[in-house]
Amino acid sequence: RGQNFGYDGDQGPANWSKEYHTCIGKHQSPINIDEHNVTNVSLPPLKLIGIDNPHQSYVTNTGHTVTLKINESKAVMLSGGPLRDTYVFEQLHFHWGENDFEGSEDLINNHSFPMEMHAVFYKEDYNSFKEALNYSDGLAILACLYEVSSQPNPTYESIVKVLPEIEKKDMGKVLQEPLLLESIFVPDIAKMQDYFTYSGSLTTPPCLEVAKWIDFKDHQQLSHDQLAAFRDIRNWEGNKLTHNFRPVQPLEGREVLHNIP
Ligand code: B30
Ligand code: ZN
């Protein structure tokens with residue numbers, strides 16, 4: 001079985017801990033971020049290197065999500081803000097819901113958004129993503145929330161267009177044009193210092209508590225049709241992956257910081 005977790009019934013989030021004991025830890029993700037219960041701070045500037053030039057990218061259906069990777073190593077790096085060290089870009093992927101009223105993992109004031117992107121980075125000192133999973137400061141994950149817009153977001157068209165071609169698990173496709181990650185990661189680079197940050201876990205099994213989460217306060221926009229295209233890809237069982245978000249987990253006394261630029 002191993003990676004055969006799902007989002008419904010016996011395979012669903014409520015049963016993950018039967019096979020993955022780490023999914024019942026005290027620093028789990030996602031969480032609800034209550035804006036009235038955050039600590040305002042002024043952290044050093046968050047730095048994203050290598051996102052201002054286009055990178056050849058490939059998109060894969062993992063059976064749990066759609067993942068985007070670039071083919072250069074250490075071309076995109078993250079440091080500063082709440083991070084003590086430099087982190088290397090590994091992949092980004094998405095979480096979505098059955099309809100336009102749910103789908104995000106983290107909630108803001110108990111409000112759901114239709115989609116959430118996670119850009120996953122591992123600590124450079126640990127040399128690989130796999131190795132970094134053994135350390136509590138192994139990962140840094142940027143999260144961005146999406147709202148529904150009436151117009152399609154042109155930045156995402158190249159990704160949305162290939163989704164029908166990667167309908168089945170393990171299918172992958174190189175994007176026709178190199179992708180400018182800047183426009184995927186952050187809606188507006190001028191607003192990128194406005195974010196929430198907290199310590200948490202992977203939101204899928206094995207739910208390892210190894211991630212510093214950085215959630216941009218600014219949102220991006222996708223049209224209903226762009227969102228709906230994600231719901232048509234198939235999971236590891238061959239069924240439509242209509243939704244792939246984990247419900248929020250208890251905060252257990254953790255502090256959520258709000259960085260005010
Ligand atoms: S998340 O950002 O907390 N949602 C992994 C990375 C980030 C998150 C969750 C999981 C991860 O790398 N898991 C192990 C590797 N995966 C690859 C994958 O992305 O799709 C293999 C696997 O099958 O577990 Cu699911
Ligand atoms: Zn994720």
Side-chain angles (χ1 to χ4, degrees), residues 1-8 11-13 16-17 19-23 25 27-31 33 57-70 76 78 87-97 102-107 112-123 126-146 159 166 168-172 184-185 195-216 220 230 233-239 241 243-249 254:
R1 290 170 34 109
Q3 297 186 1
N4 297 346
F5 65 89
Y7 288 90
D8 289 297
Q11 310 278 356
W16 288 352
S17 61
E19 231 180 302
Y20 303 92
H21 297 270
T22 37
C23 293
H27 296 90
Q28 290 289 293
S29 295
I31 58 164
I33 296 173
S57 310
Y58 62 100
V59 177
T60 310
N61 176 348
T62 68
H64 305 128
T65 186
V66 171
T67 297
L68 183 143
K69 294 191 180 195
I70 59 173
V76 175
L78 176 68
Y87 288 73
V88 180
F89 176 62
E90 170 73 10
Q91 50 105 334
L92 67 80
H93 62 268
F94 302 91
H95 298 269
W96 59 85
E102 59 179 33
S104 68
E105 297 211 295
D106 282 334
L107 308 181
S112 299
F113 294 79
M115 190 150 93
E116 180 168 341
M117 182 212 65
H118 294 153
V120 183
F121 296 73
Y122 67 88
K123 187 160 145 172
Y126 299 143
N127 291 312
S128 73
F129 171 76
K130 261 209 168 110
E131 185 61 20
L133 293 177
N134 295 311
Y135 301 90
S136 61
D137 62 350
L139 303 184
I141 306 179
L142 297 179
C144 186
L145 297 163
Y146 297 80
I159 298 173
I166 58 160
K168 297 197 184 90
K169 176 174 157 47
D170 295 330
M171 285 180 154
I184 302 285
F185 280 3
Y195 57 80
F196 301 109
T197 181
Y198 76 97
S199 295
S201 71
L202 298 180
T203 66
T204 65
C207 312
L208 301 172
E209 295 179 340
V210 295
K212 183 69 80 181
W213 284 89
I214 299 171
D215 290 31
F216 293 123
Q220 300 200 61
F230 285 86
I233 75 153
R234 286 169 192 279
N235 68 12
W236 54 277
E237 291 178 305
N239 299 320
L241 184 57
H243 57 106
N244 62 354
F245 64 96
R246 186 189 197 189
V248 292
Q249 304 297 306
R254 278 174 289 175

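Note: hydrogens, waters and symmetry copies are ignored here, and every other heavy atom, side chains too, is used. In listed order, ligands and their atoms are each counted from 1. Positions are given from 1, in the same order as the sequence printed here. This is a predicted model, so every value here is computed, not measured.
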Exercise. Below 6.0 angstrom between ring centroids: does that apply to Y87 and Y122?
Worked result: no
For this session: Work out the angle at the Zn ion (ligand 2) between NE2 of H95 and NE2 of H93, rounded to 10°.
Result: 100°
Exercise. Taking the six-membered ring where the residue is Trp, are the ring centres of W16 and Y7 under 6.0 Å apart?
Worked result: yes
Problem set entry | L142 and F216, any side-chain heavy atoms less than 4.5 Å apart | yes
For this session: Report, in ascending order of atom number, the atoms of ligand 1 lying under 4.0 Å from any heavy atom of F129.
Result: 11 (C), 12 (O)
Problem set entry | Nearest to atom 25 (Cu) of ligand 1 - the N/O/S atom of H64, by atom name | ND1
Exercise. Does at least one non-hydrogen atom of H95 fall below 4.0 angstrom from an atom of ligand 1?
Worked result: yes
Problem set entry | Test log, rule side-chain hydrogen bond (donor to acceptor under 3.5 Å, both in side chains), inputs Y58 and T67 | CA-CA 8 Å; Y58 62 100; T67 297; over 6 Å; no
Problem set entry | Pair F89 and F185, ring centroids less than 6.0 Å apart | yes
Problem set entry | Proximity to ligand 1 by part of Y122, non-hydrogen separation under 4.0 Å | neither
Exercise. Any N or O of W213 that comes nearer than 3.5 Å to an N or O of ligand 1?
Worked result: no
For this session: Could you list the atoms of ligand 1 found under 4.0 angstrom from a heavy atom of H93?
Result: 1 (S), 2 (O), 4 (N), 7 (C), 8 (C)
Exercise. Does ligand 1 have any atom sitting under 4.0 Å from a heavy atom of E90?
Worked result: no
